[in-house]
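Side chains included, hydrogens not; waters and symmetry mates left out as well; all remaining heavy atoms used. Start at 1 with the first residue, then count along the sequence.
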Amino acid sequence: MIGATATATEMQNNFGKYLNLVLEGKEVIVTKNGKEVGRFIPKEATLSYLTDSLAGILKQDHDLEQAREERLEEKYGLTD
């Protein structure tokens with residue numbers, strides 16, 4: 001649940017306020033020059049993000065070595 005959006009300066013000057021929002025289970029989006037640069041999230045949410053990203057990888061039966069080689073080839077034009 002998003003609790004607030006704050007500029008980097010607001011975050012720095014009012015850290016306690018935003019920390020309390022996170023302690024309440026809310027997420028704070030941090031912006032700089034109008035662009036999102038980060039998120040301040042509760043510890044429990046980090047586990048959710050990690051689990052969701054791993055679940056996306058593990059849902060299907062993949063040859064991880066083949067997938068790695070394909071990504072290297074696509075990104076850099078090379079493989080091992």
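With hydrophobic clusters built from ILVMFWY side chains whose heavy atoms lie under 4.5 angstrom apart, Val37 shares a cluster with Tyr18. In the hydrophobic clustering of ILVMFWY residues, with side-chain heavy atoms under 4.5 Å counting as a link, Leu23 and Ile29 come out apart.
Residues Val28 and Val22 approach most closely at CG2-CG2, 4.2 Å, considering heavy atoms.
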Show, in sequence, the C-alpha distance, side-chain angles and deciding distance for Phe40 and Glu27, and conclude whether the side chain to side chain contact (heavy atoms under 4.5 Å, CB included) test is met. CA-CA 6 Å; Phe40 193 36; Glu27 182 175 311; over 6 Å; no
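Counting only residues at least two apart or on different chains, the salt bridge (Lys or Arg N to Asp or Glu O under 4.0 Å) pairs with a member in residues 4-25 are Glu24-Lys26.
One finds the OG1 atom of Thr5 at 8.5 Å from the CZ atom of Arg39 (value rounded to the nearest 0.5 Å). Atoms CG and CG, from Asn14 and Asn20 in turn, are 11.5 Å apart once rounded to the nearest 0.5 Å.
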